[in-house]
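Before any comments, here is the structure.
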Amino acid sequence: MFAKDIGIDLGTANVLIHVKGQGIVLNEPSVVAIEKTANKVLAVGEEARRMVGRTPGNIVAIRPLKDGVIADFDVTETMLRYFINKLNVKGFLSKPRILICCPTNITSVEQKAIREAAEKSGGKNVYLEEEPKVAAIGAGMDIFQPSGNMVVDIGGGTTDIAVLSMGDIVTSSSIKMAGDKFDNEILQYIKREYKLLIGERTAENIKMNIGTVFPGARNEEMDIRGRDMVSGLPRTITIKSAEIEKALRESVSIIVHATKNVLEKTPPELSADIIDRGVILTGGGALLHGIDQLLAEEIKVPVLVAENPMSSVAIGTGIMLENIDKISRRKLV
């Protein structure tokens, strides 16, 4: 039995794995729960995510990736090995080839860390590809023609913006402003306005259920519970969509500004193509209510959300795995 080639979207918030010939077989949060005293791994993925903010002192739930790069090498390696073993993709005597994605502007040291983590967790040959390029392929764009395609990939830790043509990136930008920062802005807003402490998961639920970034686009409310900063007791408040728009306004404007910067650096012929084709949004952040409307209004270009924004990068790795022998072997020395 031969090893199967796998594509990994190693995200700050989620890890998605695509096995050649099988499609996306794993989609789990990038969280590892560790028992500190014995330094033992207790849970990985969804099971560990349920423990975030709810563990006793001797257990910590770690997110080993921060801003799209590896913050804790050993924990990342443990997490990847756990996922790869779970899928049973290794052959009798062979190891799988791995295609793994990274943000556009990471350093060679950070690239090397990603490569080493993949190799140590059971990969034979490891190929690195830039995330917006893979996301564009996964969103159904034909980036190998001599015409301009623009993709904005809003993940958990980074937002990658790129203009692609002839199968490569022409101009790009990667900023550390994405889903995790949005959650934190909501958390800080509620702390500031209501003197109420809430957890990350509550902030994420607010963002998903009633959040919007386009003024007046949504008018919903939600009851949330947390700890009162004054009395120290549990308290419930009601929060509205308009407040979330206000809380996220500054963060989203950074993404809008970065998108404009990339467009300003784009050659005029490609800019003309982008007006025709529009900008494609991928990544979990593309699901944030009103983000497509806001971007379209600000950059004066049609903005479309990809069909499966959360899975675009993983789908793209699958398409690239089919042509892995043709991919230029960008191996680091």
Side-chain angles (χ1 to χ4, degrees), residues 3-4 6-17 19 24-96 98 100-103 106-107 109-124 126 155-158 176 178-181 183-184 187 197-205 225-227 232 234 284 314:
K4 301 181 177 94
I6 60 175
I8 301 176
D9 173 12
L10 188 63
T12 310
N14 293 287
V15 174
L16 283 83
I17 298 184
V19 175
I24 296 169
V25 291
L26 183 132
N27 179 357
E28 297 228 16
S30 321
V31 186
V32 180
I34 290 176
E35 210 272 326
K36 279 199 291 194
T37 42
N39 201 16
K40 194 175 83 181
V41 174
L42 292 179
V44 180
E46 183 54 49
E47 199 184 332
R49 190 184 88 98
R50 288 202 290 269
M51 298 181 186
V52 172
R54 292 193 165 116
T55 56
N58 62 328
I59 297 171
V60 281
I62 299 173
R63 297 181 65 177
L65 290 121
K66 190 164 173 48
D67 300 332
V69 294
I70 293 174
D72 189 319
F73 184 84
D74 294 334
V75 178
T76 303
E77 188 201 318
T78 303
M79 178 176 77
L80 276 177
R81 181 177 289 130
Y82 172 84
F83 288 148
I84 291 170
N85 289 343
K86 188 176 171 181
L87 298 177
N88 195 19
V89 288
K90 291 181 185 172
F92 178 54
L93 289 168
S94 58
K95 291 176 171 181
I98 295 177
I100 199 161
C101 302
C102 59
I106 65 170
T107 64
V109 174
E110 289 165 339
Q111 281 187 339
K112 201 164 182 207
I114 291 175
R115 181 183 296 284
E116 277 181 21
E119 280 172 355
K120 284 191 171 178
S121 59
K124 183 176 75 167
V126 178
T158 56
K176 292 174 170 47
D180 288 352
K181 288 269 174 33
D183 296 346
N184 193 45
L187 194 139
L197 292 173
I198 59 166
E200 285 173 27
R201 289 190 62 186
T202 305
E204 191 183 6
N205 285 338
R225 298 174 186 87
R227 193 179 86 224

Measure the [atom1]-[atom2] distance between [X] and [Y] for me, rounded to the nearest 0.5 Å.
X	Y	atom1	atom2	value
N39	D74	CG	CG	9.0 Å
E200	N184	CD	CG	8.0 Å
T76	L65	OG1	CG	4.5 Å
L16	D9	CG	CG	5.5 Å

Which heavy-atom pair separates [X] from [Y] by the least distance, and what is that distance?
X	Y	answer
I17	I6	CG2-CB, 4.3 Å
G232	R227	O-CG, 3.5 Å
E28	V44	OE1-O, 4.0 Å
I62	P64	O-CD, 3.4 Å
G11	S30	O-OG, 2.7 Å
A48	A61	O-CB, 4.2 Å

Is there side-chain contact between [X] and [Y], with at least one heavy-atom pair below 4.5 Å?
X	Y	value
L87	K4	no
M79	L10	yes
Q111	R115	no
K181	D67	yes
D180	R63	yes
I34	T78	no
T55	V60	no
K120	F73	yes

I would like to know whether I98 and I84 meet side-chain contact (heavy atoms from CB on, under 4.5 Å); could you show each step before the answer? CA-CA 10 Å; I98 295 177; I84 291 170; 3.9 Å; yes
Give a yes or no on whether the backbone of A117 and the side-chain of E77 come within a donor-acceptor separation of less than 3.5 Å. no
For the pair T12 (side chain) and G68 (backbone), establish whether a donor and an acceptor sit closer than 3.5 Å, ignoring hydrogens and angles. yes
Starting from the C-alpha separation in whole Å, work towards a yes-or-no answer on side-chain contact (heavy atoms from CB on, under 4.5 Å) for I70 and I114. CA-CA 7 Å; I70 293 174; I114 291 175; 3.9 Å; yes
Salt bridge (charged side-chain N to carboxylate O under 4.0 Å, His left out) with D183: which residues, sequence neighbours excluded? K207
List in chain and number order the residues that pass salt bridge (charged side-chain N to carboxylate O under 4.0 Å, His left out) with K66, two or more places apart in sequence or in another chain; answer none if no residue qualifies. none
Could you go through the side-chain contact (heavy atoms from CB on, under 4.5 Å) check for V41 and V32 one step at a time? CA-CA 7 Å; V41 174; V32 180; 3.9 Å; yes
Pairwise salt bridge (Lys or Arg N to Asp or Glu O under 4.0 Å) hits with a residue in residues 33-45, at least two apart: none
Is R201 paired with E204 through a side-chain N to carboxylate O contact shorter than 4.0 Å? no
